[in-house]
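Heads up: the structure comes next, in structure tokens.
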Protein chains: 2
Amino acid sequence: MIAEAGRMPEFSPRQNVVLEQALRLLVEGGEKALTTSGLARAAHCSKESLYKWFGDREGLLAAMIAHQASKVRTFERSGERLNAVLLREHLELFARDLLEVLAGDVSLALNRLAIGQSNRDGSKLGKLLLEHGRRQIDRRAIALIDAGKRAGLLRFDDADAAYHTLYGLIVSDLHVRMLLGEPGLKDNARQAQKAVDAFLTLHGTQKDSGEALRAASGR
Amino acid sequence: MIAEAGRMPEFSPRQNVVLEQALRLLVEGGEKALTTSGLARAAHCSKESLYKWFGDREGLLAAMIAHQASKVRTFERSGERLNAVLLREHLELFARDLLEVLAGDVSLALNRLAIGQSNRDGSKLGKLLLEHGRRQIDRRAIALIDAGKRAGLLRFDDADAAYHTLYGLIVSDLHVRMLLGEPGLKDNARQAQKAVDAFLTLHGTQKDSGEALRAASGR
DNA sequence: CAATTTCCGTACCGTACGGTACGGTTCGGG
DNA sequence: CCCGAACCGTACCGTACGGTACGGAAATTG
């Protein structure tokens with residue numbers, strides 16, 4: 001173990017190119033299309049190098065998840081002072097970002113891959129995907145609603161429970177439906193508004209309606 | 001096409017036994033464990049019979065979904081007159097049933113299977129799973145909340161949207177987490193209560209708290 | 001420039017899958 | 001009782017995968 005944990009592995013540029021090709025193959029053709037031979041051909045490298053760099057197939061899959069996660073850094077700017085309008089805007093932005101991320105090609109492909117493997121490998125990939133892909137966005141949301149509580153705009157006992165409520169209101173069963181092949185929503189922004197309205201009805205401290213606030217803030 | 005639609009295929013008893021074995025193999029070992037040879041061995045039938053009965057592998061998977069769906073008939077008793085207590089109880093019962101179904105071994109295995117195939121076969125299995133496995137429970141819930149509205153106990157514009165809200169409050173991201181290999185909840189009933197409380201806060205017409213109602217009804 | 005390491009492309013190996021073919025057996029109808 | 005259909009068990013075929021081995025090219029190092 002090295003002192004600087006959390007950002008240790010990180011691959012060489014050449015390896016990143018290979019991982020990018022691997023993701024492309026996975027997105028285009030699913031798990032069956034991601035073969036060692038196929039990846040070597042597509043990325044113009046040798047199978048021998050693949051096994052030297054990533055160990056075996058599972059190591060390659062794990063590397064793909066880590067690589068993808070390293071591309072989605074979520075910024076946390078919690079500097080500004082919150083008011084009701086700002087909180088609502090940040091919540092809606094989070095909701096739209098979440099819906100967009102979940103509907104992304106690569107996200108869906110990786111989730112399908114991990115789910116497909118999750119009952120024969122002891123769900124190692126599943127754990128990895130949840131930790132790498134989810135922790136970032138979870139922390140952003142919890143930090144936001146915690147700030148809302150400190151500013152007296154939200155009321156709840158358990159931040160984690162409140163966050164799960166928010167998540168459920170935003171996503172409902174959409175994620176699973178998309179994983180099963182259904183198309184996404186026509187209007188993510190509308191869904192984000194509705195979800196945040198409901199969330200503020202449940203946990204907000206002010207009685208103003210979403211409509212009124214949106215009218216007041218000029219959209 | 002035969003006149004009696006909706007319950008046409010239905011397999012012979014022998015075939016149902018084979019399908020049951022197929023589900024067992026799938027639950028125990030995932031998709032990789034469900035091979036034609038393995039199934040023939042486990043079910044004491046010949047591969048030739050499998051191909052005669054189900055066509056090919058995909059036909060077998062579809063038959064497994066249909067077979068499983070045929071076992072989960074949901075009863076609709078909408079006779080009795082609704083009041084606030086009764087509505088809440090029915091909503092909580094629905095929530096508990098939903099959580100229990102989603103956490104079931106066979107349900108998780110079939111969902112994993114369909115999701116794993118959904119980006120290489122045009123999501124045919126995904127459609128099938130959503131239609132067979134979901135329509136029943138969706139209709140039960142929508143009938144319930146529609147009855148709630150007719151009884152003046154619920155208020156909403158779009159029953160479908162309200163149902164999706166209820167679903168999100170009950171399930172949140174739990175289904176995906178379980179598909180990825182995480183264990184389920186410790187207490188489904190508690191989660192069901194919380195979700196129904198929130199749903200009634202959003203769409204109920206009466207201001208009584210869940211706590212008060214539960215105390216009044218003696219649990 | 002020479003030595004050494006890294007890498008590529010290909011060929012190869014064992015295995016296991018989906019699907020087919022076939023001989024022997026069971027079983028129900030005439 | 002006999003015939004045909006359905007079925008079982010097994011053997012077989014072509015294919016494609018994960019993983020390894022090897023010879024030669026390219027790049028790195030001193």
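A, B, ... follow the sequence lines: proteins, then strands. Residue 1 opens every chain. Bear in mind the structure is a predicted one, so any value in this text is a computation, not a measurement. Because only heavy atoms are used, hydrogens play no part in the values below, and waters and symmetry mates are left out as well, while side chains stay in.
- Regarding contacts with the backbone of D:dC7, every side-chain N or O of B:S46 stays at 4.0 angstrom or more from both OP1 and OP2.
- The side chain to side chain donor-acceptor pair (under 3.5 Å) check on B:E31 picks up B:Q117, with sequence neighbours excluded.
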Which atoms of nucleotides 18-20 of chain D (N or O only) lie under 3.5 Å from a protein N or O atom, and what are those distances?
unit_1, atom_1, unit_2, atom_2, d
D:dG18, OP1, A:R57, NE, 2.7
D:dG18, OP2, A:T36, N, 3.0
D:dG18, OP2, A:T36, OG1, 3.2
D:dG19, OP2, A:Y51, OH, 3.2
D:dG19, OP2, A:R57, N, 3.1
D:dG19, N7, A:K47, NZ, 2.8
D:dG19, O6, A:K47, NZ, 2.4

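- Not counting sequence neighbours, the partners of B:S46 by the side chain to side chain donor-acceptor pair (under 3.5 Å) test are B:S49.
- Atom-to-atom, NZ of B:K32 to P of C:dT15 comes out at 16 Å; the value is rounded to the nearest Å.
- Among the protein residues, B:R41 comes within range of no part of the nucleic acid, since none of its heavy atoms lies under 4.0 Å from any strand.
- The distance between atom NE2 of B:H44 and atom C1' of D:dT10, rounded to the nearest whole Å, is 15 Å.
- Qualifying side chain to side chain donor-acceptor pair (under 3.5 Å) partners for B:H132, counting only residues two or more places apart in sequence or in other chains: none.
- If you measure from atom CZ of A:R14 to atom P of C:dT6, you get 15 Å, rounded to the nearest angstrom.
- Residues A:R112 and B:S118 have side chains that bring a donor and an acceptor to within less than 3.5 angstrom of each other.
- Qualifying side chain to side chain donor-acceptor pair (under 3.5 Å) partners for A:S123, counting only residues two or more places apart in sequence or in other chains: none.
- By the side chain to side chain contact (heavy atoms under 4.5 Å, CB included) test, A:D157 is found to be paired with no residue, residues two or more places apart in sequence or in another chain being considered.
- One finds no side-chain N or O of B:W53 lying less than 4.0 angstrom from the OP1 or OP2 phosphate oxygen of D:dA6.
- When rounded to the nearest whole Å, the span between CG of B:L39 and P of D:dC8 equals 11 Å.
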